[in-house]
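See structure below.
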Amino acid sequence: MRRIVVTTLLVPLLSILAACQNTPAATAGRYSTGGDPTDDPCARVVSAIGYADLLLRPRGQEDEQYFEDAVLGRLAEARGITLQYGPALPGSLAPAVKDVEAATAGLSRADVPRARQVELLKRYRAAADRIRAGCA
């Protein structure tokens, strides 16, 4: 009896999971959920930057930043949204987009030495400021 119940529940679940892995979203470079291809790229990227900023120490206090999991997660989210929507930002922002992507590649990982995290945070902030200004 147990085997029938497990099989009855497991087979449909596996089918759903297999179907999800072959969706365009999984293969088209989507790095975030809840977004829509018609979303304004500037609004999405600036919003992600602002969301990450909520957990960051004020400018000038980067040396005091505590890089806890929540901070790393928000910076990883900013990275994903920038990877997804950054290419659609104005061309003049391409260098800042690349800088955000490069900085957040390290800032979203827990195994990066603290001194490097502080350096990357400063670079991230400068690039994020350029994106904000270019999107204003």
Side-chain angles (χ1 to χ4, degrees):
M1 179 76 162
R2 274 190 194 177
R3 189 174 201 188
I4 293 171
V5 172
V6 170
T7 304
T8 303
L9 295 174
L10 191 57
V11 172
L13 178 60
L14 291 175
S15 298
I16 291 168
L17 291 174
C20 288
Q21 290 185 345
N22 293 322
T23 63
T27 58
R30 280 194 66 176
Y31 298 94
S32 64
T33 58
D36 185 287
T38 62
D39 286 346
D40 177 76
C42 273
R44 288 294 301 212
V45 174
V46 169
S47 176
I49 290 168
Y51 187 59
D53 280 355
L54 293 173
L55 294 181
L56 298 177
R57 304 277 305 171
R59 277 177 181 63
Q61 296 182 20
E62 289 85 1
D63 290 327
E64 299 171 30
Q65 179 67 49
Y66 180 60
F67 293 95
E68 62 193 25
D69 289 344
V71 171
L72 300 180
R74 294 235 182 140
L75 291 165
E77 183 174 2
R79 174 178 172 69
I81 289 175
T82 303
L83 285 167
Q84 185 172 341
Y85 291 93
L89 292 178
S92 61
L93 294 177
V97 168
K98 287 185 187 242
D99 289 346
V100 164
E101 290 171 0
T104 55
L107 286 169
S108 58
R109 295 180 30 215
D111 64 344
V112 174
R114 178 168 175 67
R116 179 76 174 138
Q117 286 175 318
V118 170
E119 176 188 329
L120 289 170
L121 180 57
K122 290 176 182 178
R123 288 184 184 180
Y124 163 79
R125 280 203 156 138
D129 286 347
R130 292 192 317 265
I131 290 173
R132 279 190 183 116
C135 283

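Residue numbers count from 1 along this sequence. When reading the values below, keep in mind they use all heavy atoms of this one structure, side chains included, and skip hydrogens, waters and symmetry mates.
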**Message:** Going by side-chain hydrogen bond (donor to acceptor under 3.5 Å, both in side chains), name the residues that satisfy it together with R132, two or more places apart in sequence or in a different chain.
**Reply:** D53, D129

**Prompt:** Which heavy-atom pair separates G134 from L93 by the least distance, and what is that distance?
**Reply:** CA-CD2, 3.8 Å

**Prompt:** Are any of the side-chain heavy atoms of D63 and K122 separated by less than 4.5 Å?
**Reply:** yes

**Message:** Testing the basics here: between G86 and V45, what is the closest heavy-atom pair and its distance to 0.1 Å?
**Reply:** N-CG2, 4.2 Å

**Asked** Taking side chain as C-beta onward, heavy atoms only, is E119 less than 4.5 Å from V112?
**Response** no

**Request:** Provide the closest heavy-atom pair for R114 versus E64 in the form atom of the first, atom of the second, distance.
**Result:** NH2-C, 3.8 Å

**Fill in**
Closest non-hydrogen contact found for A127 with A96 is CB-O, 3.6 Å

**Contact list for residues 107-136, test disulfide (SG to SG under 2.5 Å), sequence neighbours left out** = C42-C135

**Complete:** Between T82 and V100 the two heavy atoms that sit nearest each other are OG1-CG1, 3.7 Å

**Complete:** Nearest heavy-atom contact between A105 and S108 is O-OG, 3.6 Å

**Sole candidate of V71, L75, L72 that passes side-chain contact (heavy atoms from CB on, under 4.5 Å) when paired with L55** = V71

**Prompt:** At what distance, to the nearest 0.5 angstrom, does CG of L89 lie from CG of D40?
**Reply:** 8.5 Å

**Complete:** d(E62 CD, R125 CZ) to nearest 0.5 Å is 4.5 Å

**Pairs meeting criterion salt bridge (Lys or Arg N to Asp or Glu O under 4.0 Å) with involvement of residues 88-107, two or more places apart** = D99-R130

**Message:** Within this structure, what is the OG1-CZ distance for the pair T104 and R74, rounded to the nearest 0.5 Å?
**Reply:** 15.5 Å

**Asked** Sub-3.5 Å donor-acceptor pair from the side chain of Q65 to the main-chain atoms of R57, do we have one?
**Response** yes

**Asked** Going by heavy atoms in the side chains, are Y124 and L56 under 4.5 Å from each other?
**Response** yes

